[in-house]
Amino acid sequence: QLQLVESGGGLVQPGGSLRLSCAASGFTSGYNANAIGWFRQAPGKEREGVACITSSGGSTVYADSVKGRFTTSRDNAKNTVYLQMNGLKPEDSAVYYCAAARSRSCVLSLAYFPSWGQGTQVTVSS
């Protein structure tokens, strides 16, 4: 059974950094056969795509709102994907989810990701 577990969320001051982790298990085709995306959802807002990394880790996609501040990477030996978040702003506050895509490539759209983690809260506040 496919399982994704996020960790690393918390409370941070504006301008600070956090690193989220997404640990995966249960991939029938092997963990490195799926692109992994990061999404977030703030209260009263729709879930939005933040970043995505292809199955090989060779290509990434970012939302305009986080370009230059967030970086996603993956360690396929550890079945883990990371989201390094720097220069955090209050508007980055949300529940962050990782999700496994249908294939190896990235399309930062919710419908492209059938498998989701439970989410981790990120709060940026002074």
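Each residue takes its place number in the sequence, starting with 1.
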Report task. Report yes if the side chains of N76 and R74 come closer than 4.5 Å at any heavy-atom pair, otherwise no. Result -> yes
Query raised in the report: Taking atom OH of Y96 and atom OG1 of T120, what is their separation to the nearest 0.5 Å?
Result: 10.5 Å
Report summary line: For L4 and A24 the tightest heavy-atom approach is CD2-CB, 3.5 Å
Query raised in the report: Does Y112 have any side chain to side chain donor-acceptor pair (under 3.5 Å) partners at least two apart in sequence or in another chain, and if so, which?
Result: S103, S105
Query raised in the report: Can you find a heavy atom in the side chain of S55 that is under 4.5 Å from one in the side chain of N34?
Result: no
Query raised in the report: Quick one: does R40's side chain get under 4.5 Å of K45's, heavy atoms only?
Result: no
Query raised in the report: Sequence neighbours excluded, which residues qualify as salt bridge (Lys or Arg N to Asp or Glu O under 4.0 Å) partners of R47?
Result: none
Report summary line: Rounded to the nearest 0.5 angstrom, the CG-OG1 distance for L83 and T71 is 8.0 Å
Requested in this report: Please check if L108 and F70 belong to a single hydrophobic cluster, counting links between Ile, Leu, Val, Met, Phe, Trp and Tyr side chain heavy atoms closer than 4.5 Å.
Outcome: no
Report summary line: Of all heavy-atom pairs linking I53 and V81, the shortest is CG2-CG1, 4.1 Å
Query raised in the report: For the residue pair A94 and A42, what are the closest heavy atoms and their distance?
Result: CB-N, 3.8 Å
Query - Step-by-step side-chain contact (heavy atoms from CB on, under 4.5 Å) determination, C52 to F113 - result: CA-CA 11 Å; C52 181; F113 293 83; 4.0 Å; yes
Report task. Taking the side chain as every heavy atom from C-beta outward, state whether Q84 and S17 have any atom pair closer than 4.5 Å. Result -> yes
Query raised in the report: Can you list the steps and then say if S125 with L11 is a side-chain contact (heavy atoms from CB on, under 4.5 Å)?
Result: CA-CA 7 Å; S125 175; L11 173 65; 4.2 Å; yes
Query raised in the report: Counting only heavy atoms not in E91, do more than 12 fall under 6.0 Å of its CD?
Result: yes
Query raised in the report: Side chains of L18 and V122: closer than 4.5 Å at any heavy-atom pair?
Result: yes
Query raised in the report: Just by modelled atom types, is the G26 backbone N or O under 3.5 Å from a matching donor or acceptor in the Q3 side chain?
Result: no
**Report entry** Over all atoms of both residues, closest heavy-atom pair of R102 and P114
**Finding:** CG-CD, 3.8 Å
Query raised in the report: Distance only, no hydrogens: is a donor on one side chain within 3.5 Å (strictly under) of an acceptor on the other, for T80 and D75?
Result: no
Query raised in the report: Can you check whether V124's main-chain N or O pairs, donor with acceptor, with S93's side chain at less than 3.5 Å?
Result: yes
Requested in this report: May I ask whether V61 and I36 are part of the same hydrophobic cluster, defined by side-chain heavy atoms of I, L, V, M, F, W, Y residues being less than 4.5 angstrom apart, directly or through others?
Outcome: no
Query raised in the report: Side-chain donor-acceptor pair under 3.5 Å between R19 and Y82, yes or no?
Result: no
Query - Where A33 and R104 come nearest, the two heavy atoms and their spacing - result: O-CG, 3.4 Å
Report summary line: Scanning both residues in full, the closest heavy-atom pair of E6 with Q118 reads OE1-OE1, 2.9 Å
Query - Joint hydrophobic cluster, V107 plus L110, side-chain heavy atoms closer than 4.5 Å - result: yes
Report task. Find out if a path of hydrophobic residues (ILVMFWY) with successive side-chain heavy-atom gaps under 4.5 Å connects Y97 to V66. Result -> no
**Report entry** Salt-bridge contact K67-D64 (side-chain N to carboxylate O under 4.0 Å)
**Finding:** yes
Query raised in the report: Linking I/L/V/M/F/W/Y whenever their side-chain heavy atoms sit closer than 4.5 Å, directly or via other members, would F39 and L20 fall into one cluster?
Result: no
